[in-house]
Amino acid sequence: MSENDPLRAALRAWTAPEPSAALDERVRAGFRAARAPSAAGALDSLRPAPVGFRAARALSAAGALDSLRPAPVGLRAARAPSAWMRFWRARVSVPVPALAAVLLLVAVVWLVEIRPAPPALRQPGLVTRLEATGFQPLPDGVALVEDVRQ
Amino acid sequence: VEDVDADLLARARLGDEAAFLTLYRRHRTPAFRFAYRLTSSSAAAEDIVQECFLALLDRAAFDAKQGSLRTYLFGIVRHLAWKRSRLLERETEEIDDRVDGADPLREVLESERAGVVERAVAALPLLQREALILFEYEDLSLEEIAGITGADVGAVKARLFRAREALRRRLAPLLAPCPEGSCG
């Protein structure tokens, strides 16, 4: 788009205001609050350090600024969350492929090791029951064979 | 310039208020302008700028070898503006209709030219809006915008193209050639 582009000329009609003096005071107060000995650690806990130049992505990925909210005079530093609250608000970023691999591994281990073995199938067949109460063995040679047809 | 910023930032982190204020004054206006144009609100822009410089103070990792502090700050401003935008979108979903539903010619007649441009820019989707603002108002290069937004240069070009096309449609009454002698 050239300098003579009518769109560019139209866009130039919109000017932004200057920042107010009140903002300067807020930022100055915020600096002093952040540098105060009692608050220095509080700000540290609020802002994990992103790495790299692309601040937006880094801050976004780390959730570095999620816990921050605008405050009138930058006194957020005095409101350090407790360790318990930090625990509940803690976030962990896990790459999807790693998560999928872990889930797959857990599933395989469960199938192989933990899953209960299927019950053994009963073979259909005859059941022999013996009732030996009162059984007396015959003495040798006294067996008698009778013909019942007579 | 980058060395000066890096030096000021290092001293500010050690507690040197004068260095911090010098750094702040060097960059507050572009940061505020960008935040204002993204949010269309002075109050929101001031909140964002304050957050931005406090975030810079402690442990935000600025590396002068990878780019200017100005573009680094723009990245933080952008992040904060996006966060605000997401919060607002939960409350209202009519942002994109602010201009389309209106009669552009009537707006030109009834309101200031700047106001019409502001509303037209504000009605752009956020990705297009930030690319346009950084390119047109902050004079950043496509590579710098790509660095700030985390997109590649081709994507930035495409967003700029779409933003311009939308603005040409919406601002058509402003862009029409003036009859001779009638344009101030």
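Keep in mind that this is a model prediction, so the values were computed, not measured. Computed over heavy atoms, backbone and side chain alike; hydrogens, waters and symmetry mates excluded.
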Taking a hydrophobic cluster as the set of Ile, Leu, Val, Met, Phe, Trp and Tyr residues connected by side-chain heavy atoms closer than 4.5 Å, whether directly or through intermediates, do [X] and [Y] fall within one such cluster?
X        : Y        : result
B:Leu9   : B:Leu14  : no
B:Phe161 : B:Val153 : no
A:Leu103 : A:Val92  : yes

Write down the atom of [X], the atom of [Y], and the distance for their closest heavy-atom approach.
X        : Y       : answer
B:Ala114 : A:Ala13 : CB-O, 3.1 Å
A:Arg28  : B:Leu21 : NH1-CD1, 3.3 Å
B:Arg37  : A:Thr15 : NH2-CA, 3.5 Å
B:Leu57  : A:Ala34 : CD1-CB, 4.1 Å

For the [atom1] atom of [X] and the [atom2] atom of [Y], what is their distance to the nearest 0.5 Å?
X       : Y       : atom1 : atom2 : answer
A:Glu25 : B:Gln50 : CD    : CD    : 11.5 Å
B:Leu54 : A:Arg26 : CG    : CZ    : 9.5 Å
A:Leu23 : B:Ile48 : CG    : CD1   : 11.5 Å

* Pair B:Arg25 + A:Asp24, salt bridge at N-O below 4.0 Å ->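 A salt bridge is absent here (no side-chain N lies under 4.0 Å from a carboxylate O).
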* **chain A contact via B:Phe34 - side chain, backbone, both or neither, heavy atoms under 4.5 Å** => neither
Are any of the side-chain heavy atoms of [X] and [Y] separated by less than 4.5 Å?
X        : Y        : answer
B:Phe53  : A:Phe31  : no
A:Leu7   : B:Arg164 : yes
B:Tyr36  : A:Pro19  : no
B:Val117 : A:Arg12  : no

